[in-house]
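In what follows, every chain begins at residue 1, and chains take the letters A, B, ... in the order their sequences are listed. Since this is a predicted model, take the numbers as computed values, not measurements.
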Protein chains: 2
Amino acid sequence: MSLRHALLALLTAEPMTGYDLVKYFDGTIANMWSAPHSQIYPELRRMEADGLIDVRVVPRGERAQKREYAVNENGVAALRTWQQELADYQPERDVYRLRSAHFELSTYDAARRQLTEHRNHYMKLLTDTRQFVADIEARRVPLLQQRLKQRPEGEHEAIIAFKLFAFRGEITKAEAEIAWAQEGLDLLDDLEQRGAPLFGEEPARDPWSLGPS
Amino acid sequence: MSLRHALLALLTAEPMTGYDLVKYFDGTIANMWSAPHSQIYPELRRMEADGLIDVRVVPRGERAQKREYAVNENGVAALRTWQQELADYQPERDVYRLRSAHFELSTYDAARRQLTEHRNHYMKLLTDTRQFVADIEARRVPLLQQRLKQRPEGEHEAIIAFKLFAFRGEITKAEAEIAWAQEGLDLLDDLEQRGAPLFGEEPARDPWSLGPS
DNA sequence: GTAGTCATGTAAGAGGTTACATGATTAG
DNA sequence: CTAATCATGTAACCTCTTACATGACTAC
């Protein structure tokens with residue numbers, strides 16, 4: 001049910017169309033939550049049907065229209081309730097860690113490619129998130145400005161502090177992943193230099209060939 | 001398709017029943033990959049149908065039977081192929097980070113409960129994983145012993161090194177999450193002491209009451 | 001005998017991915 | 001006029017969660 005809450009939370013900053021929400025989910029927040037438009041539009045319709053958001057149909061140009069959604073009191077109540085519930089911790093699924101645990105089935109080359117990709121991915125995330133944190137600190141983020149306008153000044157400090165806190169979590173995580181990937185690349189260099197063989201490096205046997213039986 | 005590869009990877013250590021695999025997915029590996037039995041049994045049947053694993057029906061007791069699966073050459077080939085492909089990085093979904101970004105909708109109490117839970121969860125993970133790393137280093141892990149028996153001694157070093165590497169990744173991640181949760185708890189204390197109000201602390205207004213319109 | 005573990009399934013439904021599909025508007 | 005952007009959908013398919021279901025075996 002978190003897509004619903006992610007959408008509600010974004011909409012509390014200001015009324016938006018589905019298209020706007022899609023764009024936010026392609027931006028910096030994508031590392032906390034994301035969804036394709038094929039998931040967002042139907043969910044907005046359901047949220048509307050459930051009475052959590054209100055729609056305003058706005059004309060654009062001559063013929064076209066767009067649907068602008070706003071959170072209503074039920075929506076805010078749903079968000080509060082959500083925050084009061086304790087989220088429990090489910091088992092994770094980490095493809096990259098799973099792969100790395102079985103690199104002996106890979107080749108030095110492929111393992112290195114994967115870890116380099118891992119490092120690059122989290123380096124980009126780190127750079128983007130650091131920039132975004134700087135933008136928040138400088139009050140340069142339009143969505144945050146809108147959000148603050150909705151609330152009394154006394155709450156501004158906490159609102160900003162929580163946004164920064166969340167993104168610092170992403171930064172800490174990215175740094176940890178970069179360090180881990182680097183450690184892996186060093187390990188691969190070390191093992192290869194010392195001539196450690198991998199099963200993955202062996203030429204695959206044709207299952208239908210007549211091997212020594 | 002990673003459940004399939006997680007199962008194949010476990011089965012390369014030694015032939016196992018679905019039940020055995022379920023148990024491994026409840027143990028330390030649960031933090032890399034996990035699945036309930038309702039997912040495992042049908043997947044094993046599909047893998048069998050796809051010719052990646054072979055079955056041996058073993059009697060147990062008088063009447064009962066069990067199905068013991070073993071990876072065959074096609075299965076090994078599938079694992080190698082999987083390792084050769086570069087896994088791409090998809091947007092993540094992190095409920096805890098999402099919540100934390102909107103703690104202003106929560107109460108100090110509930111936010112603290114959540115972060116304490118976060119810290120406890122990763123502290124347990126950290127302790128368990130450290131213990132497991134120690135067990136691997138001491139060659140005390142039965143599954144790993146079985147795995148090593150399958151392979152020539154020259155490969156042992158790399159196999160062990162990759163297992164340790166993967167679990168050190170989990171440790172690094174757990175440490176990062178613990179530090180983040182602690183930072184959050186400190187932030188909450190600081191904000192509350194300085195009397196910062198939260199929207200979530202305000203009593204909810206009954207949407208149907210006649211408020212000042 | 002009975003509780004705990006071993007062992008294996010099915011099924012409904014939620015959530016997510018990928019592809020298909022369409023059309024208006026705006027900036028150059 | 002043409003490309004990019006704005007805007008909103010549907011549908012098939014896969015994955016995962018949760019619940020329902022069953023029965024044998026083993027240790028006490």
- [ ] Show the numbers, then the answer: is there a side chain to side chain contact (heavy atoms under 4.5 Å, CB included) between A:E177 and A:M123?
- [x] CA-CA 9 Å; A:E177 291 302 329; A:M123 273 180 171; over 6 Å; no
Task: Charged tip of A:R80 within 45° of B:F199 ring normal and under 6.0 Å - done: yes
Task: Toward the 5' end of DNA chain D, by each residue's nearest nucleotide, B:R46 or A:Q90 - done: B:R46
TODO: Using a cut-off of strictly less than 4.0 Å between a heavy atom of the residue and any atom of DNA chain D, enumerate the qualifying residues of residues 31-45 of chain A by number.
DONE: A:H37, A:S38, A:Y41, A:R45
Task: Residue pair A:R119 / A:Q182, side-chain donor-acceptor N/O under 3.5 Å - done: yes
Open item on the list: Rounding to 10°, can you tell me the angle the first-five-pair axis of the helix from C:dG1-D:dC28 to C:dG28-D:dC1 makes with its last-five-pair axis?
Closed with: 30°
- [ ] May I have the step-by-step check of salt bridge (Lys or Arg N to Asp or Glu O under 4.0 Å) for A:R60 and A:E68, ending in yes or no?
- [x] CA-CA 11 Å; A:R60 59 179 184 109; A:E68 207 173 70; over 6 Å; no
Task: Nucleic acid footprint by protein, nucleotides 22-28 of chain C - heavy-atom cut-off 4.0 Å, B for base, S for sugar-phosphate alone - done: -BSS---
- [ ] Can you sort out the partners of A:E155 under side chain to side chain donor-acceptor pair (under 3.5 Å), two or more places apart, ordered by chain and number?
- [x] A:R151
Task: Under-4.0 Å salt bridge between A:D50 and A:R46 - done: no
Open item on the list: How many whole angstroms separate atom CZ of B:R56 from atom C1' of C:dA7?
Closed with: 16 Å
Open item on the list: Using a 4.0 Å cut-off to any heavy atom of chain B, which nucleotides of DNA chain D are the first and last in contact, reading 5' to 3'?
Closed with: D:dT15 to D:dC25
Open item on the list: Going by ring pair (Phe, Tyr, Trp, His ring centres under 6.0 Å), name the pairs with one or both residues in residues 1-20 of chain B, residues two or more places apart or in two chains.
Closed with: B:H5-B:W82
Task: Residue that, paired with A:E170, satisfies side chain to side chain contact (heavy atoms under 4.5 Å, CB included) out of A:L126, A:N31, A:V133 - done: A:N31
TODO: List for me each residue that meets side chain to side chain contact (heavy atoms under 4.5 Å, CB included) alongside B:R168, sequence neighbours excluded, and say none if there are none.
DONE: A:E183, B:L164, B:F165
Open item on the list: I need the full list of ring pair (Phe, Tyr, Trp, His ring centres under 6.0 Å) pairs touching residues 45-81 of chain B, with sequence neighbours left out, sorted by first then second residue.
Closed with: none
- [ ] Please determine if B:R113 and A:E85 form a salt bridge, counting it only when a charged side-chain N lies under 4.0 Å from a carboxylate O.
- [x] no
Open item on the list: Quick check on contacts: within residues 12-27 of chain A, what sits under 4.0 Å from DNA chain C by heavy-atom distance?
Closed with: none
- [ ] May I have the distance from B:Q65 (atom CD) to C:dA7 (atom P), rounded to whole angstrom?
- [x] 12 Å
- [ ] For B:H118, check ring-ring contact (aromatic ring centres under 6.0 Å, His included) against everything at least two apart and list the hits.
- [x] A:Y89, B:Y96, B:Y122, B:W180
Task: Residue pairs, two or more places apart or on separate chains, that pass side chain to side chain donor-acceptor pair (under 3.5 Å) and touch residues 123-143 of chain B - done: B:K124-B:D128, B:R130-B:E175, B:Q131-B:D135, B:D135-B:R140
Task: Cationic N near anionic O, under 4.0 Å, A:R147 to A:E14 - done: no
Task: Value in whole Å for how far the P atom of C:dG13 lies from CE of A:M1 - done: 15 Å
Open item on the list: So, using side chain to side chain donor-acceptor pair (under 3.5 Å) as the criterion, who are the partners of B:T28 when residues are at least two apart?
Closed with: none
